Amino acid sequence: MSKKNKYYVVWEGRQKGIFDTWSAAEAQVKGYAGAKYMAFESLEAARAAFAGNPHEHIGRKPKADSRPGAADAATPKADSRLGAAGAATPRADSPRRILSNSPIWDSYSVDAACSGNPGVLEYRCVHTRSREIVFARGPYDAGTNNVGEFLALVEILALCVKKHDPRPIYTDSKIALAWLRDKKANPKNPERLNPLLLERLARAEAWLASHSYPNQVLKWDTEAWGENPADYGRK
RNA sequence: ACAU
DNA sequence: GGATGT
Ligand SMILES: [Mg+2]
Ligand SMILES: [Mg+2]
């Protein structure tokens with residue numbers, strides 16, 4: 001009997017994704033409190049599940065296959081603390097993660113670094129895949145991390161508009177994303193900021209108020225992907 | 001809590 | 001350990 005290969009969705013674990021062997025999946029969830037994972041009979045089902053909410057699958061009855069005589073149950077599993085009892089499905093090929101969320105490599109990434117916060121600020125933009133530096137600013141006295149993250153974001157947006165470059169832009173800063181959404185920076189102590197930076201914030205806000213842009217601005221998933229390519233590597 |  | 005922010 002050819003044991004059908006299963007597909008293991010890991011929503012919550014060391015590495016998230018879809019794995020095609022239990023051993024690969026187990027490595028992500030064994031001893032990992034709060035792990036959420038489940039086996040599926042088809043890659044299609046696994047893809048759909050991974051894209052969705054674990055709660056809609058874990059502990060629910062497996063979806064019946066429409067075709068008669070097709071494979072039946074998926075095996076629901078939840079919570080590694082109960083002790084994973086997954087039976088192995090050995091394969092000839094090597095265990096691998098066959099699907100995971102991954103960055104759009106043809107994109108830009110921005111980051112800021114502050115020596116002290118507030119402190120001496122630098123920020124820059126690179127191409128995500130090549131790490132080629134698009135621009136680098138600073139050092140500036142009396143800056144903050146968030147000011148740098150935001151200025152970098154708006155500068156690459158303006159450059160993209162000028163160049164008609166619609167590629168996505170990554171930032172790891174929730175704050176910069178919020179300020180961008182609001183088209184408004186919100187430094188808590190503007191009076192302590194370098195006046196040059198204050199002026200740049202004003203210009204950035206003015207630019208946002210008067211322009212639109214085609215680029216998606218996306219959150220860099222540092223936990224999954226490691227440090228953003230624009231990172232300064234000083235932490 | 002989350003992200004820097 | 002400290003700070004910037006939602
Ligand atoms: Mg950053
Ligand atoms: Mg960084």
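We name chains A, B, ... by the order of the sequence lines, and we start the count at 1 in each one. Heavy atoms only: backbone and side chains are in, while hydrogens, waters and symmetry mates are out. Predicted model, so just to flag it, every value in this text is computed and none were measured.
The salt bridge (charged side-chain N to carboxylate O under 4.0 Å, His left out) test applied to A:D172 returns no partner, not counting sequence neighbours. Not counting sequence neighbours, A:R124 has no partner by the salt bridge (charged side-chain N to carboxylate O under 4.0 Å, His left out) test.
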For residues 115-122 of chain A, dump all side-chain donor-acceptor pairs below 3.5 Å to protein atoms at least two apart in sequence or in another chain.
{"unit_1": "A:N117", "atom_1": "OD1", "unit_2": "A:N145", "atom_2": "N", "d": "3.1"}
{"unit_1": "A:N117", "atom_1": "ND2", "unit_2": "A:N145", "atom_2": "OD1", "d": "3.2"}
{"unit_1": "A:E122", "atom_1": "OE2", "unit_2": "A:R234", "atom_2": "NH1", "d": "2.8"}
{"unit_1": "A:E122", "atom_1": "OE2", "unit_2": "A:R234", "atom_2": "NH2", "d": "2.9"}

If you look only at distance, which donor and acceptor atoms sit under 3.5 Å apart when one is on a side chain in residues 180-188 of chain A and the other is two or more places apart or in another chain?
none

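When all heavy atoms of A:D111 and A:A152 are compared, the pair lying nearest together is O-CB, 4.5 Å.
A heavy atom closer than 4.0 Å to some atom of DNA chain C occurs in no member of residues 221-235 of chain A. For RNA chain B, the neighbouring residues in residues 168-180 of chain A, judged by any heavy atom under 4.0 Å, are A:D172, A:S173, A:K174. Heavy-atom distances under 4.0 Å link RNA chain B to A:N145, A:E149 of residues 117-151 of chain A, given in residue order.
For residues 126-143 of chain A, every residue pair satisfying the salt bridge (Lys or Arg N to Asp or Glu O under 4.0 Å) rule, not counting sequence neighbours, is listed here: A:R137-A:E155. Each side-chain hydrogen bond (donor to acceptor under 3.5 Å, both in side chains) pair with one or both residues in residues 218-230 of chain A, not counting sequence neighbours, appears once here: A:E227-A:K235. Pairs engaging residues 172-210 of chain A under the ring-ring contact (aromatic ring centres under 6.0 Å, His included) rule: A:F150-A:W179, A:W207-A:H211 [sequence neighbours left out].
Side-chain heavy-atom separations under 4.5 angstrom define the hydrophobic clusters, and the remaining members of the one that includes A:I133 are A:V126.
Counting heavy atoms of neighbouring residues, nucleotides and ligands inside a 6.0 Å radius, atom CZ of A:R192 does not exceed 12 of them.
Within the nucleic acid shown, A:D111 has no heavy atom closer than 4.0 Å to any nucleic acid atom.
Within the 4.5 Å cutoff, side-chain heavy atoms of A:T171 are placed close to those of A:E149.
Counting 5' to 3', RNA chain B first comes under 4.0 angstrom of a heavy atom of chain A and last does so at the ends given by B:C2 to B:U4.
A:N215 and A:Y108 are not linked by any side-chain donor-acceptor pair at a separation below 3.5 angstrom, with hydrogens and angles left out of the test.
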